[in-house]
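Below is one structure; the comments refer to it alone.
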Amino acid sequence: MKRMFLLILGVILLAGCDRMPTGKVSGTVWWKGKPVEYGRIEFVPAGDRTLPTVSAEIHDGKYSAEVPCGEVVLRLYKLEKFPTRYLYGKEIPDSQAFQNVLLVEDNDTSTKKMTIQKGVQNYDYP
């Protein structure tokens with residue numbers, strides 16, 4: 001009987017360990033007066049490095065993500081088309097590729113830190 005009790009207690013304790021508190025964050029990302037058409041937002045843990053980095057896609061300026069609670073550093077990217085390249089008057093096919101462009105510079109700490117709390121939060125940039 002004692003073994004069964006300890007086994008059940010162990011299962012209950014382990015079941016609760018894998019769920020870390022999270023908050024649902026959503027918002028709009030603007031760049032130069034327009035919503036970012038396509039991009040990515042990353043939530044990088046600022047203090048606790050054991051927490052995962054979470055990223056979410058930005059479509060028509062909107063994003064939504066479930067992020068572990070705590071202080072995070074934001075990294076915002078927008079998807080930009082490479083400039084068209086020409087060789088002898090003909091367009092080079094690879095020039096249709098896209099690149100991620102970082103919107104918030106790494107040395108800009110004033111606008112890219114936030115604290116994630118349990119529940120629903122809204123964060124619009126800028």
Side-chain angles (χ1 to χ4, degrees):
M1 186 70 161
K2 187 176 179 179
R3 279 187 174 174
M4 182 61 90
F5 173 75
L6 290 175
L7 178 63
I8 292 172
L9 181 64
V11 168
I12 291 171
L13 290 175
L14 286 176
C17 289
D18 65 336
R19 292 286 300 164
M20 64 182 78
T22 60
K24 185 169 174 116
V25 183
S26 60
T28 306
V29 179
W30 296 81
W31 184 250
K32 297 184 180 179
K34 297 179 182 175
V36 171
E37 190 174 353
Y38 298 105
R40 186 176 80 241
I41 184 168
E42 292 179 348
F43 301 88
V44 182
D48 187 355
R49 297 293 182 190
T50 62
L51 295 175
T53 295
V54 175
S55 67
E57 292 184 5
I58 301 168
H59 291 286
D60 297 323
K62 305 277 186 204
Y63 74 90
S64 180
E66 194 159 330
V67 183
C69 293
E71 190 174 26
V72 295
V73 176
L74 299 176
R75 290 194 185 133
L76 296 154
Y77 300 88
K78 71 177 189 139
L79 205 57
E80 244 182 33
K81 191 175 179 181
F82 278 114
T84 305
R85 297 185 206 157
Y86 294 92
L87 183 63
Y88 303 115
K90 293 185 179 180
E91 186 177 325
I92 301 172
D94 289 340
S95 67
Q96 295 298 313
F98 290 85
Q99 63 182 344
N100 278 317
V101 177
L102 185 65
L103 298 183
V104 179
E105 299 299 328
D106 280 332
N107 59 3
D108 178 11
T109 57
S110 62
T111 60
K112 67 175 186 173
K113 280 191 178 179
M114 72 180 292
T115 301
I116 306 296
Q117 299 170 350
K118 271 186 157 182
V120 179
Q121 292 175 253
N122 188 55
Y123 179 79
D124 294 334
Y125 177 84

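Throughout, numbering of the chain's residues begins at 1 and tracks the sequence. These numbers come from the heavy atoms of this one structure, side chains and all, not from hydrogens, waters or symmetry mates.
Both Y123 and V72 belong to a common hydrophobic cluster when Ile, Leu, Val, Met, Phe, Trp and Tyr are linked at side-chain heavy-atom distances under 4.5 angstrom. In terms of hydrophobic clustering, with Ile, Leu, Val, Met, Phe, Trp and Tyr side chains grouped at heavy-atom distances under 4.5 Å, W31 and L74 are assigned to a common cluster.
Put simply, the side chain of V29 does not reach to within 4.5 Å of the side chain of P35, judged on heavy atoms. Residues Y125 and L76 are in side-chain contact: their nearest non-hydrogen atoms beyond the backbone lie under 4.5 Å apart. Between V25 and S64, the closest side-chain pair of non-hydrogen atoms is not below 4.5 Å.
When the side chain to side chain contact (heavy atoms under 4.5 Å, CB included) test is applied to E37, the partners found at least two apart in sequence or on another chain are D60. For K32, the side chain to side chain contact (heavy atoms under 4.5 Å, CB included) criterion is met by no residue, not counting sequence neighbours. Under the rule for a side-chain hydrogen bond (donor to acceptor under 3.5 Å, both in side chains), the partners of E42 that lie at least two apart in sequence or sit in another chain are R40. Taking P68 as the reference, M20, L51, P52, V54 meet the side chain to side chain contact (heavy atoms under 4.5 Å, CB included) condition, with sequence neighbours excluded. In this structure, the side-chain hydrogen bond (donor to acceptor under 3.5 Å, both in side chains) partners of T28, at least two apart in sequence or on a different chain, are K62. Residues forming a side-chain hydrogen bond (donor to acceptor under 3.5 Å, both in side chains) with E66 (at least two apart in sequence, or on another chain): T22.
To the nearest 0.5 Å, atoms CD1 (I116) and CD (Q121) are separated by 5.0 Å.
For the ring pair (Phe, Tyr, Trp, His ring centres under 6.0 Å) condition, the pairs that include at least one residue of residues 39-67, sequence neighbours left out, are Y38-H59.
Minimum heavy-atom separation, P21 to K118: CB-CE, 3.6 Å. The heavy-atom pair separating S26 from N122 by the smallest distance is O-OD1, 2.8 Å.
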